[in-house]
Amino acid sequence: MTTASTATDGLDLTALHPSVGDPLLSSMNFLNEIAGRHPDALSLAAGTPYEGFYDVEDVHRALRVFSDHLRTEQGYGEERVRRTLLQYGRTKGIIHELIARQLSVDEGIDVDPEAVLVTTGCQEALFLTLRLLRRDDRDVLLAVTPAYVGVTGAARLLDLPVHPVAEGPDGVDLDDLRRRIGEARAAGLRPRALYVVPDHANPSGIRMPEPVRHDLLGLAEQEDILLLEDNPYGLFPRRGHRLPTLKALDTARRVVHLGSLAKTVFPGVRIGYAVADQPVGSGPYLADLLARAKSMVTVNTSPIAQAVAGGRLLEHGCSLVRATERESEVYREGLDRIVDGLARRFPDPSASGVSWNSPEGGFFVVVDVPFDVTDAVLERSARDHRVLWTPLHHFYDAAAPESGAGAGPLRCLRLSCSALGPEDIEEALDRFAAFVRSA
Ligand SMILES: Cc1ncc(COP(=O)(O)O)c(C=O)c1O
């Protein structure tokens, strides 16, 4: 039969969208596979949140809190509560008002809840935004590089070229940004937006100083581009106070703010959002057009998941700062432990050739080492030293040699403090130091 022979022959990969054959899209799985092959390896690679406080009972409680909120605060009857939680629902989401309140309480972002689109993780918000920004072959995305692989991968799926912009010590090199915009325009292209993580970026850990945030907003207005601000780590400063997000400073509606509850509630809830208050078309907001696209992708975000996230918000007066006090402490201690632990194990960086940055928050530290950091070296580290970390080349787009990936293997890697408890971090650092010495 024809169908059987087709199945036996297999499908022709080259007949499918080219992105699925691109190593970039295998990047996250590659790291998971290495972890799977070496279950006894301690992971300084995973950027997954700390699990020590997770409890399934919290999910049940949050669901009850949200259902009670619908009954008592919103005045819903039982039938409407059931329908809200169990039926198809509003494409823009059902916890948009709670998220808007959280943004106001924690971030000083005051936005019309109608400009908030609740999505299936931040990744969907990112994907939909890029979808709308790519009108035709002339459109390009700028991304501060090294960049979170999720943005480069999503752009690849959408045939949207990504032009790297240097990060520099301040989170974005504004001269390079101006230059890249000029070059793209001179080539007849339309740079639409800059993707940036101003707070404790993934992978660099860098935080953008406040004056640079103002300058970046000014430049975005002068050059007529949008800023896609991704903010999963902003609530986890290592010490001192948090800085205002770009969105909190955005008086000209240049910023589409992308949020994730993966690190503040838990990743399994798969809730993220976009704040897109730009007026456009019959609108009123860009969020409405994103919702139109979403209705053809995921239809609406799971209301059960939204209810769990909503319940968690309600339990803490809509403050994720309050909801994550214990987690913040763990991450603060974890970062200290990594930075101080490296200093104890490599007391003389000029002699060892091993140096690292000291981020002001988030999960990540970047380490420079005196050898090429390839995936094969990681495999050896996992096999012989039972410790995992992330080669930094995964955050550069090999298809864009000017991103820094074309000049030969990189000599840096990322360590994450988030997944392990204190004793395991110390043990992992011992193993990491032994691996570096052997390499
Ligand atoms: C910078 C950045 N953005 C977005 C995400 C993913 O967010 P979500 O799990 O909500 O899709 C991550 C996860 O690691 C991240 O590091």
Side-chain angles (χ1 to χ4, degrees), residues 25 27-32 35 43-51 93 95 99 102 116-130 141 143-155 157 162 167 171-172 193-208 227-236 245-247 255-275 290 294 297-298 301-302 305-306 308-309 312-313 320 324 327 331 359 361-366 390 392 394-397 414-419:
L25 264 69
S27 186
M28 289 201 199
N29 279 348
F30 163 76
L31 296 168
N32 290 339
S43 183
L44 293 168
T48 48
Y50 180 68
E51 293 174 3
I95 58 166
I99 289 174
Q102 183 268 323
V116 176
L117 172 77
V118 186
T119 53
T120 303
C122 175
Q123 190 64 24
E124 191 194 15
L126 190 53
F127 185 84
L128 295 172
T129 309
L130 299 187
L141 175 71
V144 172
T145 301
Y148 168 55
V149 67
V151 70
T152 332
L157 275 172
V162 180
E167 186 171 44
V172 61
L194 173 76
Y195 171 83
V196 60
V197 183
D199 289 286
H200 323 306
N202 180 7
S204 71
I206 290 174
R207 172 159 78 165
M208 188 182 292
L227 300 175
L228 309 186
E229 175 182 47
D230 189 2
N231 185 32
Y233 308 105
L235 295 192
F236 305 122
T245 60
L246 291 172
K247 191 66 196 163
V255 180
V256 175
H257 182 83
L258 305 167
S260 169
L261 300 192
K263 313 298 189 294
T264 46
V265 176
F266 49 82
V269 79
R270 299 308 301 133
I271 297 289
Y273 57 88
V275 178
L290 290 169
K294 179 180 168 66
V297 181
T298 53
T301 304
S302 159
Q306 291 186 75
V308 172
R312 181 70 73 90
L313 285 167
L320 289 174
T324 57
E327 286 83 352
Y331 299 139
F363 291 2
F364 309 117
V365 174
V366 171
T390 309
L392 219 70
H394 284 278
F395 301 91
Y396 291 87
D397 183 357
R414 187 195 78 178
L415 300 183
S416 170
C417 73
S418 60

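For reference, positions follow the sequence shown, starting with 1. Both ligands and their constituent atoms are indexed starting at 1 by order of listing.
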Run the side-chain hydrogen bond (donor to acceptor under 3.5 Å, both in side chains) check on K263 and S418 step by step: do they pass?
CA-CA 10 Å; K263 313 298 189 294; S418 60; over 6 Å; no
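Two residues are said to be in side-chain contact when any heavy atoms from C-beta on lie closer than 4.5 Å; E51 and F266 fail this criterion. P198 is listed as a side-chain neighbour of L246, based on a closest heavy-atom distance under 4.5 Å. Annotation: side chain of Y195 is not in contact with side chain of V144 (no heavy-atom distance under 4.5 Å).
In terms of protein heavy atoms, atom 16 (O) of ligand 1 is closest to Y233 OH, 2.6 Å. In terms of protein heavy-atom proximity, atom 6 (C) of ligand 1 is closest to Y148 OH, 3.4 Å. Closest protein heavy atom to atom 3 (N) of ligand 1: D230 OD2, 2.5 Å.
Proximity of K263 to ligand 1, defined as any heavy-atom pair under 4.0 Å, is confined to the side chain (atoms from C-beta onward). Counting heavy atoms under 4.0 Å from ligand 1, residue Y273 does not touch it at all. When non-hydrogen atoms are compared, ligand 1 lies under 4.0 Å from neither the backbone nor the side chain of E124.
Heavy atoms of P232 come nearer than 4.0 angstrom to ligand 1 in at least one pair. Assignment of G121 to the shell around ligand 1 is supported, since a heavy atom sits closer than 4.0 Å. Assignment of Y195 to the shell around ligand 1 is supported, since a heavy atom sits closer than 4.0 Å.
Partner Y233 forms a ring-ring contact (aromatic ring centres under 6.0 Å, His included) with one of F363, Y148, Y331 and no other, that one being F363.
With 3.5 Å as the limit, one finds no donor-acceptor pair spanning the side chains of Q306 and T301.
Closest approach of L130 to A155, counting heavy atoms only: CD1-N, 3.9 Å.
Among H200, Q123, R270, the residue whose heavy atom lies nearest to atom 9 (O) of ligand 1 is R270.
For C122, a nitrogen or oxygen atom sits less than 3.5 Å from a nitrogen or oxygen atom of ligand 1, counting backbone and side chain alike.
Annotation: the span from L258 atom CG to L227 atom CG amounts to 11.0 Å, rounded to 0.5 Å.
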